[in-house]
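Below, each value reflects all heavy atoms present in this structure, side chains not excepted, and no hydrogens, waters or symmetry copies.
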Amino acid sequence: MENLIVIKIGGNTLSQLQPSFFQQLQCWRKQNKKILLLHGGGTKITELSHQLNLPVRKINGIRVTDEQVLDVTRLVLLGRTQPLLLQQLAVNSLPALGLNAADQFLLRGSFLDKQRYGFVGKIVQVNSSLLEHLLAEQIGVLAPLALSTAGQWLNVNGDSAAAAIASLLGAKQLYLMTDVPGVLKAGQVLPTLNRKTAQYLQAAHVITTGMQPKIQAAFHAVDTGVNQVQITDHFYHSGTKITQEGVNNDEFTFSNL
């Protein structure tokens, strides 16, 4: 999709969006960019699960999702975090539309590993014609949930969903926004990160479990043709740019941006 920018906003980040975030969206719209926002809500899902005495389990950063947890996930994403983001966009005079997988099968998914994760999926198809029509006039605000061909709701990791959608739609840019300024090493932002270095830092336990799904999603996007992929907390910070190639581990230097 021409001129498409996909932005994934973590649940914790939603309450920390600065005026500059909305100013950048306004600038992109003036440049006729199409913008799709995917929003998380993991912290609130965990909080509500605890209140309801539901188990909270993650394997490799992926939330194990039974039927009750799936209901909680839909409630939080579609009933709380999406309206909150739409409210902020409206206050900043940005036209936006809330979307979900059930809008004409906007997002189709398949089970990731039902025995291991339960009702967790991956994005396999996007209703691109519908989305292109909608994004021509307004910003799309989309929850990371999918429907199987049989109509089963599936919980999808937000970063993985954003990367898959960016890839399937041929987006030029993908921003994975989080509550830290990028991938950190000893408190400093790594300006770039290639796969070899990421594997090295994971083995050294520098990149921890919480960041791993984001890293995996970012490399999937780069490998499937998304030109620019960044992990950051702010558009005006370079954050960490994900690259296919780069310097070797022993040549890698760390600088605070």
Side-chain angles (χ1 to χ4, degrees), residues 6-14 36-49 54-78 80-82 85 99-101 106-126 140-148 152-169 171 174-180 183 198 202 207-224 226 229-233 240 242:
V6 177
I7 305 162
K8 189 271 180 172
I9 306 173
N12 292 337
T13 310
L14 280 173
L36 179 64
L37 306 180
L38 274 87
H39 58 86
T43 301
K44 294 300 179 182
I45 293 169
T46 296
E47 289 178 4
L48 185 53
S49 295
L54 297 177
V56 176
R57 291 181 57 223
K58 289 188 177 182
I59 301 174
N60 298 327
I62 297 173
R63 185 182 302 274
V64 178
T65 306
D66 61 17
E67 290 189 23
Q68 289 179 302
V69 174
L70 181 61
D71 285 342
V72 168
T73 300
R74 285 194 297 169
L75 178 64
V76 170
L77 293 178
L78 300 180
R80 185 188 185 281
T81 57
Q82 188 172 96
L85 182 52
L99 302 166
N100 68 73
L106 186 56
L107 296 178
R108 290 185 188 262
S110 62
F111 281 95
L112 190 60
D113 184 337
K114 189 174 182 180
Q115 184 174 358
R116 189 176 195 190
Y117 300 115
F119 294 99
V120 173
K122 59 182 179 180
I123 306 296
V124 296
Q125 187 177 350
V126 181
V141 179
L142 182 57
L145 295 161
L147 281 181
S148 71
Q152 171 64 55
W153 284 95
L154 297 171
N155 184 17
V156 183
N157 174 272
D159 297 307
S160 299
I165 292 167
S167 173
L168 289 167
L169 294 178
L174 170 64
Y175 292 89
L176 300 177
M177 298 190 69
T178 183
D179 53 2
V180 294
V183 180
Q202 286 173 338
I207 295 176
T208 56
T209 301
M211 181 61 75
Q212 286 178 11
K214 199 176 300 291
I215 296 292
Q216 292 168 0
F219 280 111
H220 171 75
V222 168
D223 291 343
T224 52
V226 180
V229 181
Q230 289 177 255
I231 298 174
T232 185
D233 65 345
T240 301
I242 305 301

So, taking the atom named [atom1] in [X] and the one named [atom2] in [Y], what distance separates them when rounded to the nearest 0.5 Å?
| X | Y | atom1 | atom2 | value |
| --- | --- | --- | --- | --- |
| Asp71 | Glu67 | CG | CD | 7.5 Å |
| Leu174 | Leu36 | CG | CG | 10.0 Å |
| Ile45 | Leu54 | CD1 | CG | 12.0 Å |
| Asp179 | Leu14 | CG | CG | 11.0 Å |
| Ile7 | Thr13 | CD1 | OG1 | 12.0 Å |
| Leu78 | Leu145 | CG | CG | 5.5 Å |

- request: Only counting residues at least two apart or in another chain, list the ones meeting salt bridge (charged side-chain N to carboxylate O under 4.0 Å, His left out) with Arg63.
  value: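 None.
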field: With sequence neighbours excluded, residues passing salt bridge (charged side-chain N to carboxylate O under 4.0 Å, His left out) with Asp66
entry: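 If we apply the salt bridge (charged side-chain N to carboxylate O under 4.0 Å, His left out) test to Asp66, skipping adjacent residues, there are no hits.
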message: Using modelled atom types and a 3.5 Å cut-off, is there a donor and acceptor pairing between side-chain atoms of Gln202 and backbone atoms of Gln212?
response: no
- prompt: Checking Gln82 side chain against Leu99 main chain: does a donor-acceptor pair fall under 3.5 Å?
  reply: yes
Check [X] against [Y] and note the closest heavy-atom contact, atom names and distance.
| X | Y | answer |
| --- | --- | --- |
| Val180 | Asp233 | O-CB, 3.2 Å |
| Gly41 | Thr81 | CA-CG2, 4.0 Å |
| Pro55 | Val69 | O-CG2, 4.0 Å |
| Val124 | Ser110 | CG1-OG, 3.5 Å |

If we only count heavy atoms from C-beta on, is the [X] to [Y] side-chain gap below 4.5 Å?
| X | Y | answer |
| --- | --- | --- |
| Leu48 | Leu75 | yes |
| Leu37 | Leu142 | no |
| Val6 | Leu38 | yes |
| Gln68 | Leu70 | no |
| Asn12 | Thr178 | no |

Audit row: Leu107, Leu147, side-chain contact (heavy atoms from CB on, under 4.5 Å) steps and yes/no: CA-CA 6 Å; Leu107 296 178; Leu147 281 181; over 6 Å; no
task: Any chance you could lay out the side-chain contact (heavy atoms from CB on, under 4.5 Å) test for Thr240 and Thr232, step after step, and finish with the verdict?
output: CA-CA 6 Å; Thr240 301; Thr232 185; over 6 Å; no
Under the rule for side chain to side chain contact (heavy atoms under 4.5 Å, CB included), what residues qualify as partners of [X], not counting sequence neighbours?
| X | value |
| --- | --- |
| Ile62 | Leu112, Tyr117, Val120 |
| Lys114 | Phe111, Phe119 |
| Leu168 | Ile123, Val126 |

query: What's the verdict on side-chain contact (heavy atoms from CB on, under 4.5 Å) for Val64 and Lys58, showing C-alpha distance, side-chain angles and the deciding distance?
result: CA-CA 6 Å; Val64 178; Lys58 289 188 177 182; over 6 Å; no
Review item, side-chain donor-acceptor pairs of residues 155-165, under 3.5 Å, at least two apart:
{"residue": "Asn155", "atom": "ND2", "partner": "Thr65", "partner atom": "OG1", "Å": "3.2"}
{"residue": "Asn157", "atom": "OD1", "partner": "Asp159", "partner atom": "N", "Å": "3.0"}
{"residue": "Asn157", "atom": "OD1", "partner": "Ser160", "partner atom": "N", "Å": "2.9"}
{"residue": "Asn157", "atom": "OD1", "partner": "Ser160", "partner atom": "OG", "Å": "3.3"}
{"residue": "Asp159", "atom": "OD1", "partner": "Lys214", "partner atom": "NZ", "Å": "3.0"}
{"residue": "Asp159", "atom": "OD2", "partner": "Lys214", "partner atom": "NZ", "Å": "3.0"}

